[in-house]
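Before any comments, here is the structure.
Each ligand, and each atom within it, is numbered from 1 in the order the structure gives.
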Amino acid sequence: MSSKDNSISIDPASEQMLESAASQELELAWDRYQAMLPQCGYGQLGLCCKICVMGPCRIDPFGQGPQKGICGATADIIAARNLARMIAGGAAAHSDHGRDVAHTLLTAASDPNCDYKVIDEKKIRALAEEFGIATEGKSKEELAKAVAEMSFAEFGQQHGELKFAQRAPDDQKKRWREHRVMPRGIDREIVEIMHRTHMGVDNDPKNIILQGIRAALADGWGGSMIATELSDVLFGRPNPLKSMVNLGVMKADEVNILVHGHEPTLSEMLVAASQDPEMIKLAESKGAKGITLAGICCTANEILMRHGIAIAGNFLQQELALSTGAVDAMIVDVQCVMPALGELAKCFHTKLISTSPKAKFPFAEHIEFDESKALDIAKQIIITAIENFPKRKGKNVCIPDIRENMVAGFTAESVFEFLGGRYRPSYRPLNEGIITGRLRGAAAIVGCNNPKIKHDYGHVTMTKELLANDVLVVTTGCTAIADAKAGLLDPGEALQYCGKGLQEICRAVGIPPVLHLGSCVDISRILVVLCNVVSQGGLGASIADLPAAGAAPEWMSEKAVAIGFYVVASGVYTVLGQPLPVQGAEGLTKFLCQDIEDIFGGKFAFESDPVEAAHMMLDHIDRKRSELKLAPVLYPVPYAPKEVAEAAVAV
Ligand code: MSK
């Protein structure tokens with residue numbers, strides 16, 4: 001599929017729904033994007049400041065008009081302050097999610113009547129030891145209580161260093177300490193950004209960004225990692241499993257319930273409630289053949305990873321899913337939920353149900369989630385959806401008959417076991433594969449959808465290009481869903497896109513070439529994989545030494561900015577499909593795309609063409625291979641740069 005045709009998505013199910021929505025004159029994100037054009041150039045370049053009401057101020061990027069705000073802030077200062085506040089927003093979102101999971105763990109451990117239980121005893125014991133808690137003779141509940149309390153303390157800690165940050169290789173920690181970005185407490189770092197970017201406080205762009213990095217690290221090695229680890233304890237560690245993906249997982253003759261957002265707590269209970277024989281009987285009494293539960297975005301990834309629940313779509317499919325007319329209830333929690341959903345749901349019989357006191361939406365019914373009555377509330381929600389099913393009768397329903405098989409559910413631990421075998425877990429085969437040149441390297445592709453970019457094109461095109469060049473890909477979030485829809489998470493189908501070396505490795509150790517590691521907070525799993533690869537040996541002493549790169553080809557959220565910064569500060573070269581809003585600030589752009597590498601070993605690059613971006617990542621991987629003096633790659637793939645390729649087509 002070329003980037004030049006007029007389609008909006010490379011996903012046939014989405015294209016079908018786009019046509020259907022247009023024929024019904026439904027308004028979608030793409031329509032609102034078109035209506036917004038031309039978008040504000042000052043905002044895109046990071047040159048607009050509205051931090052105080054002497055402004056708003058804007059810097060003229062052409063050098064003709066004002067070059068300073070009313071307070072005297074330059075383009076670099078304004079862009080740095082705006083960017084740091086984006087990091088604060090993203091880090092706060094991930095970390096508050098982690099705090100909520102810690103709260104659920106505490107409730108589960110303290111209340112024997114709680115519907116949640118401490119499931120993974122092995123993991124809670126390991127975590128307790130990591131936190132320095134004496135484990136001998138203690139029950140898993142006692143340990144869970146202690147770990148939950150210590151996790152809370154990580155948020156409010158005023159001095160010292162975060163516990164999970166100690167997992168990073170020594171070289172990374174040394175760099176963080178040297179540049180005073182080792183995170184202290186999660187909340188503290190976020191608050192300090194807000195203080196420093198208040199009018200008249202920190203006015204050194206580099207100093208502002210270093211605090212942004214400190215908060216981003218507090219997210220990746222703090223809040224997000226707490227969310228992942230404690231979710232595994234509560235809901236079980238994921239293991240590779242089979243499932244299905246795309247809008248076609250909904251069924252015309254069943255009650256269709258979609259979960260959307262990020263937190264796994266309520267959705268775990270919805271899984272249990274939707275499988276309750278009483279609920280199924282009730283659905284049948286209303287004329288349905290059963291109950292289909294599926295998901296959108298990362299709540300979907302959470303229940304996919306642990307229960308194999310199908311995924312209906314990624315970020316830009318949330319409105320398309322409603323447009324099928326087949327959704328009896330969409331249950332939303334927090335993050336990435338469009339406020340437009342309520343108005344769209346009104347065009348159908350669909351009930352939009354909000355559940356978090358932190359996130360209410362126009363035209364949504366609110367059924368507030370309470371952990372102490374979790375299963376009862378989940379059942380109440382399922383009953384609401386079932387009772388809504390008969391209202392669908394006689395209405396126009398259009399579910400694209402398109403779905404794809406996938407394997408998901410990898411973790412840092414299961415990759416370890418797959419590679420070395422359950423009885424001799426090891427990253428050795430992965431490291432050996434890279435050292436001998438059978439594998440060129442590894443890449444993490446993550447992030448959202450964005451109507452500025454053809455839906456899924458960035459994710460899928462970049463993934464295929466890297467696979468063809470013998471790069472093992474790990475993925476999370478909406479990229480994982482995009483890749484799954486394109487068949488790249490189906491081990492049988494995906495091998496056709498791989499270079500010879502990657503095919504050999506995947507066949508030898510039995511892993512697919514694209515590993516789905518979970519939701520957005522589970523990028524913390526990728527950090528742990530990188531640490532394990534470093535400690536396995538043979539590929540340098542630091543994450544920055546590894547022949548590895550990261551990318552977010554279709555990112556849009558503040559969370560992606562926080563992720564980008566903690567990944568770069570952890571030593572990873574990271575290519576973004578949309579530039580950060582800094583390009584009007586020359587000094588800041590140079591710092592982020594060049595100078596920062598000397599400090600942390602990673603840096604940003606911006607490239608909207610996913611093939612070009614993939615080759616920037618390959619160039620970086622090759623540079624790292626040569627610095628490590630590794631053998632040449634066994635099966636090099638010739639690459640024609642864009643101009644040459646286009647010239648060849650013209651000829
Ligand atoms: S859901 S943050 S749109 S990846 Fe995690 Fe997708 Fe981006 Fe939300």
Side-chain angles (χ1 to χ4, degrees), residues 9 11 14 29-30 33 86-87 89-98 100-101 216 219-220 223-224 227-228 231 245 258-264 267 294-305 311-321 330-341 356 359 408 444-453 455-460 462-463 473-485 516-526 550-567 574 576-578 580:
S9 172
D11 166 31
S14 297
W30 290 277
Y33 170 64
M86 289 184 86
I87 297 173
H94 280 150
S95 299
D96 215 29
H97 167 169
D100 284 348
V101 179
D219 168 1
S224 283
T228 297
S231 293
V245 63
L258 297 186
V259 290
H260 175 21
H262 276 77
E263 293 191 346
S267 52
I296 304 273
C297 284
C298 283
T299 297
N301 282 322
E302 297 277 3
I303 52 175
L304 161 74
M305 296 276 283
I311 291 199
N314 52 5
F315 176 70
L316 276 178
Q317 285 178 290
Q318 56 188 287
E319 291 180 296
L320 301 179
M330 182 184 267
I331 324 300
V332 300
D333 50 71
V334 292
Q335 300 170 23
C336 303
V337 179
M338 290 189 191
L341 289 181
S356 167
I445 313 179
V446 303
C448 324
N449 297 133
N450 186 329
K452 292 177 178 176
I453 299 162
H455 175 231
D456 289 351
Y457 174 75
H459 299 305
V460 173
M462 175 182 282
T463 305
V473 173
V474 294
T475 179
T476 63
C478 289
T479 309
I481 301 173
D483 282 354
K485 285 184 287 170
H516 185 331
L517 265 79
S519 64
C520 295
V521 292
D522 291 336
I523 292 171
S524 62
R525 296 191 200 276
I526 298 177
E554 301 181 28
W555 76 277
M556 62 85 198
S557 80
E558 287 175 328
K559 290 181 289 173
V561 179
I563 293 165
F565 272 91
Y566 75 64
V567 166
T574 300
L576 302 180
Q578 282 289 305
L580 292 167

**OP:** Could you tell me which non-hydrogen atom of His459 sits nearest to which non-hydrogen atom of Cys448, and how far apart they are?
**Re:** NE2-O, 2.6 Å
Original post:
Closest heavy-atom contact between Cys478 and Cys297?
Top reply: SG-SG, 4.0 Å
**OP:** Would you mind listing which atoms of ligand 1 come within a distance below 4.0 Å of any non-hydrogen atom of His262?
**Re:** 1 (S), 5 (Fe), 8 (Fe)
Original post:
For ligand 1, is any non-hydrogen atom under 4.0 Å from Met556's backbone (N, CA, C, O), its side chain (CB onward), both, or neither?
Top reply: side chain
**OP:** Can you sort out the partners of Tyr566 under ring-ring contact (aromatic ring centres under 6.0 Å, His included), two or more places apart, ordered by chain and number?
**Re:** none
Original post:
Does a side-chain heavy-atom distance below 4.5 Å link Trp555 with Val446?
Top reply: no
Subject >> Close side-chain approach of Glu319 to Leu341, heavy-atom, < 4.5 Å >> reply: yes
Subject >> Among Ile296, Ile481, Asn449, side chain to side chain contact (heavy atoms under 4.5 Å, CB included) partner for Phe315 >> reply: Asn449
**OP:** Sort by chain and number the protein N/O/S atoms that are closer than 2.8 Å to atom 6 (Fe) of ligand 1, and list them.
**Re:** Cys478 SG
Subject >> Any donor-acceptor N/O pair, Asp219 side chain to Ala216 backbone, under 3.5 Å >> reply: no
